[in-house]
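Have a look at the structure below before the remarks.
Proteins get letters first, then strands, A, B, ... in listed order; numbering begins at 1 in each.
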2 protein chains.
Amino acid sequence: MATTKDIRPRGRPRRFDPNQGIAVAQRLFHARGYDAVSVADLTDALGINPPSLYSAYGSKAELFARTLRHYTETQGVPLGEILRPGRPVAEALSAVLEDAANKYTAHPGSGGCLAIEGTRCNDVDARNAARNLTSAARDVIYRFVAETHPDLADVLADYTVTVMSGLSAMAREGVGRDRILGTASLAAAAYRETLSV
Amino acid sequence: MATTKDIRPRGRPRRFDPNQGIAVAQRLFHARGYDAVSVADLTDALGINPPSLYSAYGSKAELFARTLRHYTETQGVPLGEILRPGRPVAEALSAVLEDAANKYTAHPGSGGCLAIEGTRCNDVDARNAARNLTSAARDVIYRFVAETHPDLADVLADYTVTVMSGLSAMAREGVGRDRILGTASLAAAAYRETLSV
DNA sequence: TATCTTTTGTAGTCGCCACTATAAAATGCC
DNA sequence: GGCATTTTATAGTGGCGACTACAAAAGATA
(Lines give C-alpha, C1' and ligand atoms only; values in the text may rest on other atoms or scores of the structure.)
Protein backbone atom coordinates (compact mmCIF):
# COMPACT_ATOMS: atom_id res chain seq x y z
CA MET A 1 0.00 0.00 0.00
CA ALA A 2 1.19 3.47 -0.77
CA THR A 3 0.46 5.76 2.16
CA THR A 4 1.35 9.44 2.26
CA LYS A 5 4.16 8.52 4.61
CA ASP A 6 6.06 6.89 1.76
CA ILE A 7 6.31 10.16 -0.12
CA ARG A 8 9.52 11.47 1.37
CA PRO A 9 10.05 15.24 1.37
CA ARG A 10 13.20 16.58 -0.15
CA GLY A 11 15.65 17.44 2.63
CA ARG A 12 17.34 15.50 5.37
CA PRO A 13 14.90 13.12 7.02
CA ARG A 14 13.59 13.72 10.54
CA ARG A 15 15.05 11.59 13.31
CA PHE A 16 11.86 11.67 15.36
CA ASP A 17 8.12 11.67 14.75
CA PRO A 18 6.54 14.95 15.91
CA ASN A 19 3.27 13.15 16.61
CA GLN A 20 4.92 10.63 18.88
CA GLY A 21 6.73 13.58 20.43
CA ILE A 22 3.40 15.00 21.50
CA ALA A 23 2.60 11.83 23.42
CA VAL A 24 5.96 12.01 25.18
CA ALA A 25 5.46 15.67 25.99
CA GLN A 26 2.00 14.91 27.31
CA ARG A 27 3.38 12.43 29.82
CA LEU A 28 5.88 14.98 31.10
CA PHE A 29 3.44 17.90 31.24
CA HIS A 30 0.80 15.77 32.92
CA ALA A 31 3.16 14.34 35.51
CA ARG A 32 4.91 17.57 36.54
CA GLY A 33 2.90 20.49 35.20
CA TYR A 34 3.87 23.00 32.51
CA ASP A 35 6.15 25.19 34.63
CA ALA A 36 8.11 22.29 36.10
CA VAL A 37 8.98 20.83 32.70
CA SER A 38 11.92 22.55 31.03
CA VAL A 39 12.78 22.54 27.37
CA ALA A 40 15.85 20.54 28.34
CA ASP A 41 13.58 17.91 29.95
CA LEU A 42 11.57 17.71 26.75
CA THR A 43 14.53 17.44 24.41
CA ASP A 44 16.10 14.79 26.64
CA ALA A 45 12.91 12.74 26.70
CA LEU A 46 12.52 13.09 22.94
CA GLY A 47 16.16 12.30 22.26
CA ILE A 48 16.60 15.44 20.19
CA ASN A 49 18.33 18.81 20.46
CA PRO A 50 16.57 22.13 21.10
CA PRO A 51 16.60 23.34 17.48
CA SER A 52 14.66 20.25 16.40
CA LEU A 53 11.99 20.94 18.98
CA TYR A 54 11.65 24.56 17.93
CA SER A 55 11.51 23.77 14.24
CA ALA A 56 8.85 21.12 14.84
CA TYR A 57 6.60 22.92 17.33
CA GLY A 58 7.59 26.59 17.37
CA SER A 59 7.89 27.05 21.12
CA LYS A 60 7.35 25.30 24.42
CA ALA A 61 3.93 26.95 24.76
CA GLU A 62 2.85 25.89 21.27
CA LEU A 63 3.93 22.34 21.98
CA PHE A 64 1.81 22.49 25.12
CA ALA A 65 -1.16 23.78 23.14
CA ARG A 66 -0.87 20.90 20.69
CA THR A 67 -0.49 18.51 23.61
CA LEU A 68 -3.68 19.88 25.14
CA ARG A 69 -5.57 19.41 21.88
CA HIS A 70 -4.42 15.81 21.62
CA TYR A 71 -5.28 15.21 25.26
CA THR A 72 -8.85 16.47 25.06
CA GLU A 73 -9.46 14.52 21.87
CA THR A 74 -8.18 11.22 23.23
CA GLN A 75 -8.27 11.26 27.04
CA GLY A 76 -10.55 14.08 28.11
CA VAL A 77 -14.08 13.66 29.41
CA PRO A 78 -16.24 13.20 26.27
CA LEU A 79 -18.84 15.81 27.14
CA GLY A 80 -20.41 15.62 23.70
CA GLU A 81 -21.19 11.94 24.17
CA ILE A 82 -22.26 12.08 27.81
CA LEU A 83 -24.45 15.15 27.51
CA ARG A 84 -26.75 13.86 24.76
CA PRO A 85 -29.75 16.19 24.33
CA GLY A 86 -32.77 14.78 26.14
CA ARG A 87 -30.84 12.80 28.72
CA PRO A 88 -32.01 13.57 32.27
CA VAL A 89 -29.85 16.40 33.59
CA ALA A 90 -29.05 14.96 37.01
CA GLU A 91 -28.11 11.62 35.50
CA ALA A 92 -26.00 13.17 32.75
CA LEU A 93 -24.06 15.56 35.00
CA SER A 94 -23.48 12.79 37.51
CA ALA A 95 -22.02 10.71 34.69
CA VAL A 96 -19.69 13.60 33.82
CA LEU A 97 -18.35 13.69 37.37
CA GLU A 98 -17.95 9.94 37.52
CA ASP A 99 -16.09 9.84 34.23
CA ALA A 100 -13.89 12.72 35.38
CA ALA A 101 -13.10 10.88 38.62
CA ASN A 102 -12.03 7.84 36.62
CA LYS A 103 -10.01 9.75 34.05
CA TYR A 104 -8.24 11.93 36.60
CA THR A 105 -6.98 8.87 38.44
CA ALA A 106 -6.22 6.76 35.38
CA HIS A 107 -2.45 7.19 35.32
CA PRO A 108 -0.40 6.54 38.47
CA GLY A 109 2.18 9.30 38.28
CA SER A 110 0.07 12.00 36.73
CA GLY A 111 -3.16 12.92 38.43
CA GLY A 112 -5.82 15.41 37.49
CA CYS A 113 -6.88 17.06 34.26
CA LEU A 114 -4.13 18.40 32.03
CA ALA A 115 -6.30 21.32 30.91
CA ILE A 116 -7.59 22.32 34.35
CA GLU A 117 -4.14 22.13 35.87
CA GLY A 118 -2.75 24.04 32.91
CA THR A 119 -4.89 27.07 33.73
CA ARG A 120 -2.69 27.72 36.76
CA CYS A 121 0.69 27.86 35.07
CA ASN A 122 2.83 30.97 34.92
CA ASP A 123 3.16 31.29 31.15
CA VAL A 124 0.56 33.53 29.51
CA ASP A 125 0.26 31.61 26.24
CA ALA A 126 0.14 28.18 27.82
CA ARG A 127 -2.39 29.39 30.37
CA ASN A 128 -4.66 30.87 27.72
CA ALA A 129 -4.54 27.69 25.68
CA ALA A 130 -5.70 25.76 28.74
CA ARG A 131 -8.34 28.35 29.63
CA ASN A 132 -9.83 28.16 26.15
CA LEU A 133 -10.46 24.46 26.64
CA THR A 134 -11.95 24.70 30.12
CA SER A 135 -14.20 27.55 29.13
CA ALA A 136 -15.33 25.61 26.06
CA ALA A 137 -16.16 22.71 28.37
CA ARG A 138 -18.23 25.00 30.58
CA ASP A 139 -20.12 26.23 27.52
CA VAL A 140 -21.02 22.70 26.50
CA ILE A 141 -22.37 21.96 29.97
CA TYR A 142 -24.25 25.24 30.07
CA ARG A 143 -25.97 24.68 26.73
CA PHE A 144 -26.93 21.13 27.64
CA VAL A 145 -28.62 22.24 30.86
CA ALA A 146 -30.17 25.33 29.27
CA GLU A 147 -32.17 23.17 26.88
CA THR A 148 -34.34 21.94 29.71
CA HIS A 149 -33.57 24.20 32.69
CA PRO A 150 -32.55 27.65 31.43
CA ASP A 151 -32.73 29.24 34.86
CA LEU A 152 -30.41 26.65 36.40
CA ALA A 153 -27.89 26.40 33.57
CA ASP A 154 -25.45 28.93 34.98
CA VAL A 155 -25.31 27.66 38.53
CA LEU A 156 -25.23 24.01 37.47
CA ALA A 157 -22.42 24.69 34.99
CA ASP A 158 -20.50 26.62 37.66
CA TYR A 159 -20.99 23.84 40.19
CA THR A 160 -19.94 21.11 37.79
CA VAL A 161 -16.81 22.97 36.74
CA THR A 162 -16.01 23.73 40.38
CA VAL A 163 -16.29 20.09 41.41
CA MET A 164 -14.26 18.94 38.41
CA SER A 165 -11.57 21.43 39.33
CA GLY A 166 -11.63 20.18 42.91
CA LEU A 167 -11.48 16.55 41.83
CA SER A 168 -8.51 17.35 39.61
CA ALA A 169 -6.75 19.01 42.52
CA MET A 170 -7.36 16.02 44.78
CA ALA A 171 -6.09 13.62 42.14
CA ARG A 172 -3.00 15.74 41.69
CA GLU A 173 -2.41 15.60 45.44
CA GLY A 174 -2.32 11.83 45.19
CA VAL A 175 -5.73 10.95 46.61
CA GLY A 176 -6.76 7.49 45.42
CA ARG A 177 -9.46 6.57 42.94
CA ASP A 178 -11.93 5.16 45.47
CA ARG A 179 -12.02 8.35 47.49
CA ILE A 180 -12.29 10.51 44.37
CA LEU A 181 -15.10 8.37 43.04
CA GLY A 182 -16.83 8.63 46.41
CA THR A 183 -16.51 12.38 46.35
CA ALA A 184 -17.94 12.56 42.83
CA SER A 185 -20.80 10.36 43.91
CA LEU A 186 -21.56 12.57 46.89
CA ALA A 187 -21.35 15.67 44.71
CA ALA A 188 -24.00 14.19 42.46
CA ALA A 189 -26.44 14.34 45.36
CA ALA A 190 -26.61 18.09 44.82
CA TYR A 191 -27.99 17.51 41.33
CA ARG A 192 -30.75 15.26 42.62
CA GLU A 193 -31.71 17.64 45.40
CA THR A 194 -31.75 20.64 43.09
CA LEU A 195 -33.54 19.01 40.16
CA SER A 196 -36.08 16.96 42.08
CA VAL A 197 -39.61 18.13 41.24
CA MET B 1 4.08 53.42 79.03
CA ALA B 2 7.15 51.32 78.58
CA THR B 3 6.51 48.64 75.98
CA THR B 4 9.05 46.10 74.93
CA LYS B 5 9.48 48.06 71.74
CA ASP B 6 11.28 50.83 73.63
CA ILE B 7 14.05 48.46 74.63
CA ARG B 8 16.36 48.89 71.67
CA PRO B 9 18.74 46.08 70.91
CA ARG B 10 22.37 46.83 70.56
CA GLY B 11 23.27 47.07 66.90
CA ARG B 12 22.18 49.27 64.06
CA PRO B 13 18.38 49.65 64.12
CA ARG B 14 16.15 48.01 61.53
CA ARG B 15 14.77 50.18 58.79
CA PHE B 16 11.61 48.09 58.41
CA ASP B 17 9.21 46.14 60.59
CA PRO B 18 9.36 42.41 59.78
CA ASN B 19 5.76 42.01 60.92
CA GLN B 20 4.51 44.66 58.53
CA GLY B 21 6.68 43.01 55.91
CA ILE B 22 4.62 39.86 56.26
CA ALA B 23 1.46 41.77 55.40
CA VAL B 24 3.12 43.22 52.32
CA ALA B 25 4.40 39.80 51.28
CA GLN B 26 0.94 38.33 51.80
CA ARG B 27 -0.57 40.78 49.33
CA LEU B 28 2.01 39.87 46.70
CA PHE B 29 1.83 36.10 47.23
CA HIS B 30 -1.96 36.16 47.26
CA ALA B 31 -2.24 38.27 44.13
CA ARG B 32 0.28 36.43 41.96
CA GLY B 33 1.06 33.11 43.63
CA TYR B 34 4.34 31.95 45.17
CA ASP B 35 6.18 31.11 41.96
CA ALA B 36 5.32 34.35 40.20
CA VAL B 37 6.66 36.53 43.01
CA SER B 38 10.43 36.96 42.90
CA VAL B 39 12.69 37.96 45.75
CA ALA B 40 13.32 41.15 43.81
CA ASP B 41 9.56 41.84 43.80
CA LEU B 42 9.48 41.36 47.55
CA THR B 43 12.48 43.54 48.32
CA ASP B 44 11.13 46.27 46.04
CA ALA B 45 7.72 46.22 47.73
CA LEU B 46 9.34 46.24 51.16
CA GLY B 47 11.78 49.00 50.26
CA ILE B 48 14.75 46.92 51.40
CA ASN B 49 17.67 45.03 49.90
CA PRO B 50 17.98 41.24 49.62
CA PRO B 51 20.32 40.79 52.62
CA SER B 52 17.75 42.44 54.90
CA LEU B 53 15.06 40.03 53.73
CA TYR B 54 17.29 37.00 54.27
CA SER B 55 18.44 38.10 57.70
CA ALA B 56 14.84 38.74 58.74
CA TYR B 57 13.11 35.67 57.30
CA GLY B 58 15.78 33.18 56.28
CA SER B 59 14.54 32.44 52.77
CA LYS B 60 11.70 33.11 50.37
CA ALA B 61 10.04 29.83 51.37
CA GLU B 62 10.29 30.61 55.10
CA LEU B 63 8.79 34.03 54.51
CA PHE B 64 5.96 32.30 52.68
CA ALA B 65 5.46 29.89 55.58
CA ARG B 66 5.21 32.79 58.03
CA THR B 67 2.84 34.54 55.64
CA LEU B 68 0.65 31.44 55.54
CA ARG B 69 0.54 31.27 59.32
CA HIS B 70 -0.50 34.90 59.55
CA TYR B 71 -3.08 34.40 56.82
CA THR B 72 -4.81 31.43 58.43
CA GLU B 73 -4.87 33.17 61.79
CA THR B 74 -6.40 36.38 60.50
CA GLN B 75 -8.17 35.75 57.17
CA GLY B 76 -8.71 32.02 56.85
CA VAL B 77 -12.03 30.26 57.33
CA PRO B 78 -12.39 29.90 61.14
CA LEU B 79 -13.20 26.21 61.17
CA GLY B 80 -12.85 26.00 64.94
CA GLU B 81 -15.64 28.54 65.40
CA ILE B 82 -17.95 27.34 62.66
CA LEU B 83 -17.68 23.63 63.46
CA ARG B 84 -18.76 23.82 67.11
CA PRO B 85 -19.43 20.36 68.48
CA GLY B 86 -23.13 19.61 68.48
CA ARG B 87 -24.03 21.91 65.61
CA PRO B 88 -26.04 20.12 62.90
CA VAL B 89 -23.55 18.79 60.37
CA ALA B 90 -25.30 19.91 57.19
CA GLU B 91 -25.79 23.40 58.58
CA ALA B 92 -22.22 23.66 59.82
CA LEU B 93 -20.55 22.44 56.63
CA SER B 94 -22.79 24.69 54.54
CA ALA B 95 -21.62 27.59 56.68
CA VAL B 96 -18.01 26.61 55.98
CA LEU B 97 -18.61 26.75 52.23
CA GLU B 98 -20.45 30.06 52.47
CA ASP B 99 -17.70 31.62 54.56
CA ALA B 100 -15.10 30.29 52.13
CA ALA B 101 -17.00 31.77 49.18
CA ASN B 102 -17.02 35.15 50.90
CA LYS B 103 -13.38 35.05 52.00
CA TYR B 104 -12.09 33.84 48.64
CA THR B 105 -13.70 36.80 46.89
CA ALA B 106 -12.94 39.39 49.55
CA HIS B 107 -10.03 41.13 47.83
CA PRO B 108 -10.37 42.33 44.24
CA GLY B 109 -6.94 41.51 42.84
CA SER B 110 -6.28 38.33 44.76
CA GLY B 111 -8.81 35.55 44.59
CA GLY B 112 -8.87 32.18 46.24
CA CYS B 113 -7.27 30.72 49.33
CA LEU B 114 -3.58 31.43 49.87
CA ALA B 115 -3.03 28.00 51.41
CA ILE B 116 -4.95 25.97 48.83
CA GLU B 117 -3.30 27.79 45.94
CA GLY B 118 0.06 27.41 47.66
CA THR B 119 -0.17 23.62 47.48
CA ARG B 120 0.38 23.87 43.70
CA CYS B 121 3.59 25.85 43.63
CA ASN B 122 6.86 24.48 42.34
CA ASP B 123 8.98 24.93 45.46
CA VAL B 124 9.11 21.90 47.76
CA ASP B 125 9.35 23.78 51.05
CA ALA B 126 6.67 26.31 50.22
CA ARG B 127 4.39 23.56 48.94
CA ASN B 128 4.81 21.48 52.08
CA ALA B 129 4.07 24.46 54.29
CA ALA B 130 0.82 24.97 52.40
CA ARG B 131 -0.03 21.26 52.43
CA ASN B 132 0.39 21.09 56.20
CA LEU B 133 -2.29 23.73 56.60
CA THR B 134 -4.80 22.23 54.17
CA SER B 135 -4.38 18.77 55.63
CA ALA B 136 -4.86 20.19 59.12
CA ALA B 137 -8.07 21.79 57.90
CA ARG B 138 -9.29 18.45 56.56
CA ASP B 139 -8.56 16.86 59.92
CA VAL B 140 -10.68 19.44 61.73
CA ILE B 141 -13.60 18.81 59.38
CA TYR B 142 -13.17 15.05 59.66
CA ARG B 143 -13.19 15.07 63.46
CA PHE B 144 -16.23 17.33 63.60
CA VAL B 145 -18.26 15.02 61.36
CA ALA B 146 -16.96 11.86 63.02
CA GLU B 147 -18.48 12.91 66.33
CA THR B 148 -21.96 12.31 65.00
CA HIS B 149 -21.52 10.43 61.69
CA PRO B 150 -18.33 8.33 61.85
CA ASP B 151 -19.14 6.43 58.68
CA LEU B 152 -19.63 9.62 56.67
CA ALA B 153 -16.70 11.59 58.06
CA ASP B 154 -14.22 10.65 55.35
CA VAL B 155 -16.41 11.27 52.34
CA LEU B 156 -17.88 14.47 53.77
CA ALA B 157 -14.42 15.79 54.57
CA ASP B 158 -13.20 14.87 51.09
CA TYR B 159 -16.20 16.53 49.48
CA THR B 160 -15.87 19.70 51.52
CA VAL B 161 -12.17 20.04 50.77
CA THR B 162 -12.83 19.32 47.09
CA VAL B 163 -15.48 22.02 46.83
CA MET B 164 -13.32 24.51 48.73
CA SER B 165 -10.48 23.79 46.34
CA GLY B 166 -12.81 24.29 43.40
CA LEU B 167 -14.20 27.53 44.81
CA SER B 168 -10.66 28.79 45.32
CA ALA B 169 -9.83 27.97 41.72
CA MET B 170 -12.91 29.78 40.43
CA ALA B 171 -12.13 32.83 42.53
CA ARG B 172 -8.58 32.83 41.24
CA GLU B 173 -9.94 32.72 37.69
CA GLY B 174 -11.82 35.94 38.39
CA VAL B 175 -15.35 34.60 38.81
CA GLY B 176 -17.43 37.06 40.83
CA ARG B 177 -18.73 36.69 44.36
CA ASP B 178 -22.38 36.15 43.44
CA ARG B 179 -21.61 33.16 41.24
CA ILE B 180 -19.22 31.69 43.80
CA LEU B 181 -21.78 32.10 46.55
CA GLY B 182 -24.38 30.46 44.32
CA THR B 183 -22.07 27.55 43.69
CA ALA B 184 -21.39 27.13 47.41
CA SER B 185 -25.11 27.22 48.07
CA LEU B 186 -25.77 24.54 45.46
CA ALA B 187 -22.94 22.42 46.84
CA ALA B 188 -24.63 22.52 50.23
CA ALA B 189 -27.57 20.64 48.74
CA ALA B 190 -25.40 17.53 48.74
CA TYR B 191 -25.11 17.77 52.54
CA ARG B 192 -28.89 17.93 52.98
CA GLU B 193 -29.50 15.03 50.60
CA THR B 194 -26.85 12.88 52.22
CA LEU B 195 -27.70 13.66 55.86
CA SER B 196 -31.48 13.66 55.60
CA VAL B 197 -32.95 10.87 57.70
C1' DT C 1 35.98 58.73 72.52
C1' DA C 2 36.73 53.81 71.59
C1' DT C 3 34.63 49.38 71.10
C1' DC C 4 31.23 46.02 70.22
C1' DT C 5 27.17 44.59 67.91
C1' DT C 6 23.83 44.34 64.39
C1' DT C 7 21.83 45.94 60.03
C1' DT C 8 22.50 48.14 55.97
C1' DG C 9 23.74 48.95 50.89
C1' DT C 10 26.67 47.63 47.00
C1' DA C 11 27.70 44.56 44.00
C1' DG C 12 28.05 40.73 42.89
C1' DT C 13 27.75 34.93 42.64
C1' DC C 14 26.23 30.79 40.09
C1' DG C 15 22.77 28.18 37.89
C1' DC C 16 18.92 27.47 35.09
C1' DC C 17 15.68 29.29 31.80
C1' DA C 18 13.75 29.60 26.90
C1' DC C 19 15.62 30.19 22.75
C1' DT C 20 18.99 30.64 18.48
C1' DA C 21 23.12 31.42 15.01
C1' DT C 22 25.77 28.58 12.24
C1' DA C 23 27.49 25.11 9.64
C1' DA C 24 27.69 20.23 8.66
C1' DA C 25 25.00 16.12 7.37
C1' DA C 26 21.55 13.60 4.81
C1' DT C 27 18.36 13.11 1.58
C1' DG C 28 15.82 13.93 -3.45
C1' DC C 29 16.30 15.82 -8.03
C1' DC C 30 18.66 16.71 -12.40
C1' DG D 1 28.32 13.56 -9.69
C1' DG D 2 26.57 18.24 -8.44
C1' DC D 3 22.86 21.09 -6.60
C1' DA D 4 18.82 22.32 -3.86
C1' DT D 5 16.50 21.48 0.32
C1' DT D 6 15.69 20.35 4.93
C1' DT D 7 17.09 18.67 9.49
C1' DT D 8 20.61 17.91 12.23
C1' DA D 9 24.23 18.81 16.14
C1' DT D 10 27.32 22.09 18.39
C1' DA D 11 27.70 25.61 21.06
C1' DG D 12 26.29 29.18 22.40
C1' DT D 13 23.00 33.89 23.75
C1' DG D 14 21.01 37.12 27.19
C1' DG D 15 18.04 37.27 31.02
C1' DC D 16 16.32 36.28 35.34
C1' DG D 17 16.10 33.20 39.39
C1' DA D 18 17.47 32.76 44.57
C1' DC D 19 20.92 33.93 47.35
C1' DT D 20 25.48 36.04 49.51
C1' DA D 21 30.45 38.25 50.58
C1' DC D 22 31.93 42.30 52.27
C1' DA D 23 32.60 46.57 54.21
C1' DA D 24 30.47 50.80 55.75
C1' DA D 25 26.89 52.75 58.81
C1' DA D 26 24.35 53.36 63.06
C1' DG D 27 23.32 52.64 67.22
C1' DA D 28 24.34 50.89 72.58
C1' DT D 29 27.89 50.18 76.03
C1' DA D 30 31.91 51.27 78.60
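To the nearest angstrom, P of C:dC17 lies 12 Å from CG of A:Asp35. Rounded to an integer number of Å, the gap from A:Asp123 CG to C:dC17 C1' is 12 Å. For the pair B:Asn49 CG and C:dT8 P, the interatomic distance rounds to 9 Å; values are reported in whole Å. With rounding to whole Å, A:Asn122 atom CG is found 14 Å from C:dC17 atom P. We find that CZ of A:Phe29 is positioned 12 Å from C1' of C:dA18, with the value rounded to whole Å. Taking atom CG on B:Asp125 and atom C1' on D:dC19, their separation rounds to 14 Å, with Å as the unit.
Of the two residues contacting DNA chain D, namely B:Ser38 and B:Pro9, the nearest-nucleotide position lying further toward the 5' end is that of B:Ser38. The residue among B:Arg12 and A:Ala36 whose nearest nucleotide of DNA chain C lies closer to the 5′ end is B:Arg12. Nearest-nucleotide assignment on DNA chain C puts the 5′-proximal partner with B:Gly11, out of B:Leu53 and B:Gly11.
In this pair, B:Tyr71 and B:His30 present their aromatic rings perpendicular. The plane angle is above 60°, beyond the 30 to 60° band.
Not one N or O on the side chain of A:Asn49 forms a donor-acceptor pair closer than 3.5 Å with the backbone of A:Pro51. At least one donor-acceptor pair under 3.5 Å links the side chain of A:Ser168 to the backbone N or O of A:Cys113. Under a 3.5 Å cut-off, the side chain of B:Lys60 and the backbone N or O of B:Tyr54 do not form any donor-acceptor pair.
Phosphate contact (OP1/OP2 of D:dT8, side-chain N/O of A:Ser52, threshold under 4.0 Å): present. At least one side-chain nitrogen or oxygen of B:Arg14 sits closer than 4.0 Å to the OP1 or OP2 atom of C:dT7. At the phosphate of D:dA9, OP1 or OP2 sits under 4.0 Å from a side-chain N or O atom of A:Arg15.
Among the nucleotides C:dA18, C:dT8, D:dT20, the one closest to any side-chain atom of A:Val39 is C:dA18. The side chain of B:Tyr54 sits closest to D:dC19 out of D:dC19, C:dT6, D:dG27. Picking from D:dC19, C:dG9, D:dT10 the nucleotide with the shortest atom distance to the side chain of B:Pro50 gives D:dC19. The side chain of B:Pro51 lies closest to D:dT20, out of D:dA25, D:dT20, D:dG27.
Ring centroid separation for the pair A:Tyr159 and A:Tyr191 comes in under the 6.0 Å cut-off.
Base contact: A:Arg10 has a heavy atom under 4.0 Å from a base atom.
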